[in-house]
There are 2 protein chains.
Amino acid sequence: MAGGEPQARTAGRRPRLTDVAQEAGVSIATASRALSGAPGVSESMAERVREVAASVGYVANLHARTLAGGPTSVVGLVVHEIGDPYFAEIASGVLGVAAVEGLTVQICHSGRDPEAELTQIRTLIANGVGAIIVAGSGFVDSAVRAKVTGTLRSYLADGGRVAVIGRHHLAVDTVQPDNDAGGHAIVEHVVGLGHRRIGIITGSRTLTTIHDRLGGMGRALQSVGLDLASTPIVEGVFTREGGKVAAAELLRRAPDLTAIVALNDDMAIGALSVLRDRGIRVPEQISVTGFDDVAVAQDLAPSLTTVRLPMGDMGRQALQLALSPPAKRPRRRRARAELIARDSTAPPMRSGRSAD
Amino acid sequence: MAGGEPQARTAGRRPRLTDVAQEAGVSIATASRALSGAPGVSESMAERVREVAASVGYVANLHARTLAGGPTSVVGLVVHEIGDPYFAEIASGVLGVAAVEGLTVQICHSGRDPEAELTQIRTLIANGVGAIIVAGSGFVDSAVRAKVTGTLRSYLADGGRVAVIGRHHLAVDTVQPDNDAGGHAIVEHVVGLGHRRIGIITGSRTLTTIHDRLGGMGRALQSVGLDLASTPIVEGVFTREGGKVAAAELLRRAPDLTAIVALNDDMAIGALSVLRDRGIRVPEQISVTGFDDVAVAQDLAPSLTTVRLPMGDMGRQALQLALSPPAKRPRRRRARAELIARDSTAPPMRSGRSAD
DNA sequence: TCCTTGAACGTAAGCGCTTACGTAACCGCT
DNA sequence: AGCGGTTACGTAAGCGCTTACGTTCAAGGA
C-alpha cells in the first residue's frame with residue numbers, strides 16, 4: 001500500500017506506534033509526542049511522523065493510551081429509556097457534539113430503575129470514561145439518590161467530569177429545563193382560555209421534574225383562585241398506556257372537567273385516545289395539553305398544545321458543560337420551556353360539557 | 001505506598017487487583033483467575049478472593065483488562081440518526097440485551113452520511129470494541145460501500161464480530177426485515193380494497209431497503225395488472241417534511257389518485273398533513289399507508305395503516321447474533337414484516353375522488 | 001576556552017491487567 | 001522408593017501506549 005517494500009506490514013495486523021516510529025526512523029517516544037502534539041519535537045520531525053502515520057493508517061489503541069494516562073476520549077450517557085423520543089433526542093444532541101469533538105459515547109439506559117441507573121454509572125466509571133452525562137429526572141427516593149450523588153462526587157474527585165440533565169440538588173453542572181415556568185405557562189394558557197374545572201395527569205411524584213412542573217402549575221392556578229389541593233390529580237406511568245389509565249380514572253372522578261393537563265406528551269396522547277374512544281371531542285368538549293413537545297405532537301389530530309423543551313439543545317449543552325474546564329462552583333444552564341399552543345385547546349363550552 | 005499500613009488503600013483511589021490479592025493473601029495471578037472464573041484455582045480460594053473483591057468494591061479496569069488480552073466488554077452500534085424513533089427502538093433492543101450480558105455499548109450516528117458512517121466504524125474498531133452492529137439501510141453508492149465492506153471484513157479477520165441490520169450483500173451476519181414481503185403486503189392490502197390509481201412516495205432509491213420494498217410492491221401490482229413503471233412515484237427524503245413535499249408533488253402529477261403508499265411512516269405523516277391542509281379526507285377520499293409502524297402510528301388521526309417492523313427485536317437479534325460463536329457462513333435472520341391495517345385505508349369512492 | 005543552557009530526541013519505567021510457564025506438593029502406580 | 005501426572009499456586013513477561021528522566025549537541029556568556 002505504501003513504502004518502497006513489498007508489504008510494509010503484515011496483512012491483518014493493525015499498525016502500532018512502534019511501526020510508525022520505525023518507519024519514520026525515530027524513537028517511539030518522539031512518535032508519540034509528535035502525534036499527540038506534545039512539545040519537544042521539531043515541527044519538521046512532527047510533520048514527518050504524521051505523514052507516516054497517515055500512510056500506514058495508524059490509529060492509536062484507545063485502551064493502551066488510556067491505560068498509560070493519556071487523554072480519555074469516551075464519554076458516558078445514562079438515560080432512562082433510549083427508545084423514548086425525549087431521551088432519543090437528547091442523545092442525538094450529545095452524539096452531535098461528541099462527533100465534532102472526536103469523542104465516542106457509551107450509552108446506558110436504566111429502564112427507569114434507580115438501582116440499575118446506579119449500576120450503569122458505576123460501570124461507566126469502571127470503563128474509564130472521561131465524562132458522564134446523566135439525563136432524566138432524578139428519583140426523589142433518597143436511598144439510591146444519595147448513592148448516586150456519592151458515586152458521582154467521588155468520580156469528580158478522581159478528575160471525572162459530570163453534567164446532569166433535568167435533575168438538580170446535586171453538586172454538579174446542570175442543564176435544567178425550566179419545568180416550573182413550563183408548568184406555569186401551560187396552566188396559565190388553559191385558565192386564560194377560561195377553564196376552571198381542570199384535571200391533571202401527573203407522572204410519578206417521586207421525580208423531581210414532576211415536582212417542579214406541579215409547582216409552576218400551582219402558582220398559575222392560584223392566580224385565578226384555584227389550587228392544587230382542590231384539583232383532581234391522577235398519578236400515572238410516563239407512557240401512553242399510563243395516560244389512558246389515568247385519563248379514564250380522571251373522568252370517573254371528575255366527569256365535569258373541561259380540561260386535562262398531562263405532564264408529558266405520551267400521557268396526553270393516551271388521554272386523547274381515551275377521549276376519542278368515548279366520542280368526546282377535543283378541544284370542543286375537553287381541552288388537552290401535554291409537555292415536552294415530542295416530534296409527533298404536531299401531527300396528532302388535533303395537534304397537541306404542549307410545552308416545548310429543547311431536548312437536543314439540552315444534550316449539546318450538557319456535553320459542552322462537561323467538556324469545559326471545571327468551575328469551582330457547579331454551573332446551571334436553564335433551558336427555556338416554551339408554550340406551543342395548537343389545536344387541542346380551546347375555550348370551554350358555555351354550559352360545560354354535556355354529560356352524555 | 002502500601003505495606004503493613006494504617007489505611008489499606010488511600011481514600012479516593014480505586015482498588016486494583018493488587019489490593020485485592022494482597023488482602024486475600026494470594027498472588028495477583030490467582031486473584032485474576034479467581035475473579036475471571038479461569039480454571040486452576042480451588043473453589044475455596046476463589047470464593048475468598050471474590051469476597052474480598054466485593055468488600056473493597058473492586059471493579060476491574062476495563063482498559064487494562066482489554067489491553068492485556070482479556071475478553072472485551074464493549075460493543076459498538078452505528079445508526080443513521082439516534083433521534084429517529086426507528087433507530088431509537090433498535091438501540092433500545094440492543095441496550096436491553098447488552099445490559100443482560102454485562103456489556104456496554106458505544107453508539108455513533110452518521111447523520112445519514114456514508115462517509116461519516118465509515119469513519120465511525122473505524123473509530124469503533126480503534127476503540128477496541130468486541131463487536132459492531134451496523135443498523136440502517138446500506139447505501140447503494142458503491143465507492144463508500146466497498147470501503148465499509150472491506151473495513152468490516154478485516155475487522156472480522158482480526159477476530160471482531162459483526163452483525164448488520166437492514167442491509168445485505170455483505171459477508172456478515174444479518175438481521176433483515178422482510179422488506180419485500182412487507183412491500184407486497186401493503187400493496188396487496190391497498191389493491192385488495194379496490195384501489196387502482198395508486199401513488200408511491202419512496203425514500204432515496206440508493207438505499208437497498210427501498211429497492212426491496214419496491215420489489216415486493218411491484219409484484220403485488222402485477223397481480224392486478226399494474227406495474228411500477230406506470231405508477232406515479234416521487235422520491236423524497238425520509239422525513240416528515242420530505243413526505244409533505246413528495247405528497248404535494250404526487251397530487252400535482254396525478255390528481256386522481258385514490259391511494260398514497262409511503263415507504264416509511266414519517267413520510268406518510270407528512271402526506272397526511274398535506275391532505276388535511278387541503279381538506280381532503282382520509283380515508284374517504286384518499287387512502288394513505290406508511291411503513292415501519294413507529295409507536296405513534298396508532299395515535300394519528302386517522303390511525304395509520306402500515307407495516308410493522310419489530311425494531312426492538314431486530315436490535316436484540318443482531319446483538320445475539322454478534323455474540324454467538326462465529327459460523328463459517330454468514331447467517332441471516334429474517335424479521336417478519338406484518339401488515340397493520342388501521343383507519344387510514346378504506347375502499348376508494350365509487351366515482352373516484354372529486355376533483356375539488 | 002570552558003561551562004551553562006535549552007532544545008530535541010532516546011531510554012525505560014510503568015499504567016493494571018492476563019496468561020504462559022515454572023514450581024511445589026501430592027496423588028497413585030509400578 | 002521412585003516416577004509421571006495432576007492440581008494449585010506464584011513469577012514474570014508482556015499488551016501498546018505516555019512521560020519522567022537521561023543524553024546529546026549546538027549556541028551563547030564569562
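Lettering follows sequence order; numbering is per chain, from 1. Just so it is clear, the structure is predicted and the values come from calculations on it, not from any experiment.
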Choose from dG16(C), dT18(D), dC17(C) the nucleotide whose nearest atom is closest to any side-chain atom of L17(A).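 Within the option list, the nearest is dT18(D).
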Begin from the C-alpha positions of E47(A) and R50(A) and carry the test salt bridge (charged side-chain N to carboxylate O under 4.0 Å, His left out) through to its verdict. CA-CA 5 Å; E47(A) 179 61 23; R50(A) 261 171 278 157; 3.6 Å; yes
Find the distance [X]:[atom1] to [N]:[atom2] and express it as a whole number of Å.
X       : N       : atom1 : atom2 : answer
R48(A)  : dA8(C)  : CZ    : P     : 15 Å
Q22(A)  : dG16(D) : CD    : P     : 14 Å
R65(B)  : dC17(C) : CZ    : P     : 8 Å
L67(A)  : dT19(D) : CG    : P     : 13 Å
L62(B)  : dC15(C) : CG    : C1'   : 14 Å
D19(B)  : dG16(C) : CG    : P     : 9 Å
N61(A)  : dG16(D) : CG    : C1'   : 6 Å
N127(A) : dG16(C) : CG    : P     : 16 Å

For A60(B), report the nucleic acid contact type (base, sugar-phosphate, nothing); a contact means any heavy atom under 4.0 Å.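 If one applies the 4.0 Å heavy-atom cut-off, A60(B) turns out to touch the sugar-phosphate alone, with no base involved.
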Distance-only donor-acceptor check, side chains R331(B) and S324(B), under 3.5 Å: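 Present: a donor and an acceptor within the cut-off.
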Do V129(A) and I132(A) have side chains that get closer than 4.5 Å, going by heavy atoms?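 V129(A) vs I132(A): side chains touch.
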Side chains of Y86(A) and M314(A): does their closest heavy-atom pair fall under 4.5 Å?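 The answer is yes, as the side chains (C-beta and beyond) meet within the 4.5 Å cut-off.
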Carboxylate-amine/guanidinium proximity below 4.0 Å for E117(B) and R167(B):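 Yes, charged N to carboxylate O under 4.0 Å.
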When rounded to the nearest 0.5 angstrom, what distance separates CD in E89(A) from CD1 in I82(B)?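 So the gap between those two atoms works out to 11.5 Å.
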Which atom pairs link the protein and nucleotides 9-13 of chain D when you take only N or O atoms and keep those under 3.5 Å?
{"unit_1": "dC9(D)", "atom_1": "OP2", "unit_2": "S42(B)", "atom_2": "N", "d": "2.8"}
{"unit_1": "dC9(D)", "atom_1": "OP2", "unit_2": "S42(B)", "atom_2": "OG", "d": "3.1"}
{"unit_1": "dG10(D)", "atom_1": "OP1", "unit_2": "S27(B)", "atom_2": "N", "d": "3.3"}
{"unit_1": "dG10(D)", "atom_1": "OP2", "unit_2": "S27(B)", "atom_2": "N", "d": "2.9"}
{"unit_1": "dG10(D)", "atom_1": "OP2", "unit_2": "S27(B)", "atom_2": "OG", "d": "2.7"}
{"unit_1": "dG10(D)", "atom_1": "OP2", "unit_2": "T30(B)", "atom_2": "OG1", "d": "2.5"}
{"unit_1": "dG10(D)", "atom_1": "N7", "unit_2": "R33(B)", "atom_2": "NH2", "d": "3.0"}
{"unit_1": "dG10(D)", "atom_1": "O6", "unit_2": "R33(B)", "atom_2": "NH1", "d": "3.2"}
{"unit_1": "dG10(D)", "atom_1": "O6", "unit_2": "R33(B)", "atom_2": "NH2", "d": "3.0"}

